[in-house]
Amino acid sequence: MTLKSTTDADDKDCWQTPVWLFDALDIEFGFWLDVAASKHNALCTQFFTEEANALEREWESHGAIWCNPPYSKILPWIDKAAEQSRKQHKAVVLLVPEDMSVGWFSKALDTVDEVRVITDGRVNFVHAGTGKEKKGNSKGSMLLIWRPFTNPRRLITTVSKHMLEQIGKKVRTGEILEGVQ
């Protein structure tokens with residue numbers, strides 16, 4: 001049985017990453033630039049909108065680069081992420097559907113350092129219109145991670161959604177900073 005998305009075509013590529021997920025990963029990577037955003041869903045102060053066309057420009061950044069690409073066309077983002085990680089000497093992290101049976105995943109394996117599968121539940125993305133997390137994601141999620149100073153190791157690792165959620169939610173309350181000097 002194949003699960004099909006019930007999302008309207010106009011909204012299909014406009015979902016925001018939940019802030020808790022971004023915050024948990026931001027602790028590890030230190031994101032500076034969000035390359036697939038809108039004015040309403042950008043997670044970094046520096047970001048590219050669709051009009052800025054991130055696929056046609058350099059991803060100049062002073063820190064790691066975040067990307068939750070449009071899921072309707074992932075392959076060009078994989079190619080660009082690999083190129084820009086090398087050119088900018090920055091880590092690039094893409095949040096994509098967990099589907100290792102598709103061609104873009106095989107292409108990512110040519111250059112990616114780490115594939116990190118999010119286990120223990122599916123990520124509920126934030127609806128562009130309502131600003132609320134929507135349950136019912138038909139696939140799991142994974143992170144494709146490029147690191148600029150390593151030969152692609154093609155590591156496959158896992159991380160618990162529950163752990164990311166706990167960490168990310170503590171960032172916004174300031175709890176995660178307690179004891180850090």
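Note that the numbering runs from 1 along the sequence shown for the chain. Because the structure is predicted, anything quoted here is derived from the model rather than measured.
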When you look at F125 and W15, which way does the ring pair (Phe, Tyr, Trp, His ring centres under 6.0 Å) test go after all the steps?
CA-CA 6 Å; F125 289 90; W15 294 91; 7.3 Å; no

In the structure I gave you, are the side-chain heavy atoms of [X] and [Y] within less than 4.5 Å of one another anywhere?
{"X": "N68", "Y": "F22", "result": "no"}
{"X": "L33", "Y": "C44", "result": "no"}
{"X": "R116", "Y": "M142", "result": "no"}
{"X": "W77", "Y": "V35", "result": "yes"}

Would the distance check show the side chain of [X] and the main-chain N or O of [Y] forming a donor-acceptor pair, the cut-off being under 3.5 Å?
{"X": "D34", "Y": "L43", "value": "yes"}
{"X": "D26", "Y": "F31", "value": "yes"}
{"X": "T173", "Y": "K170", "value": "yes"}

Might you work through the salt bridge (Lys or Arg N to Asp or Glu O under 4.0 Å) test for E56 and K80, ending with a clear yes or no?
CA-CA 9 Å; E56 297 294 324; K80 189 70 172 186; over 6 Å; no

More than 12 heavy atoms of other groups within 6.0 Å of [X] [atom1]:
{"X": "E50", "atom1": "CD", "answer": "no"}
{"X": "H162", "atom1": "NE2", "answer": "yes"}
{"X": "N53", "atom1": "CG", "answer": "yes"}

Taking the six-membered ring for Trp, are H62 and W32 parallel (under 30°), tilted (30 to 60°) or perpendicular (over 60°)?
perpendicular

Please assess W20 against E133 for the test side chain to side chain donor-acceptor pair (under 3.5 Å), listing each intermediate value before the final yes or no.
CA-CA 11 Å; W20 60 261; E133 284 189 26; 2.9 Å; yes

Is it the case that the side chains of E114 and T157 hold a donor-acceptor pair, with the cut-off being a distance below 3.5 Å and no angle test?
yes

Please find the pair of heavy atoms, one from W59 and one from I65, that lie closest to each other, and give the distance.
O-CD1, 3.6 Å

Do D113 and R153 sit within salt-bridge range, that is, some charged N less than 4.0 Å from a carboxylate O?
yes

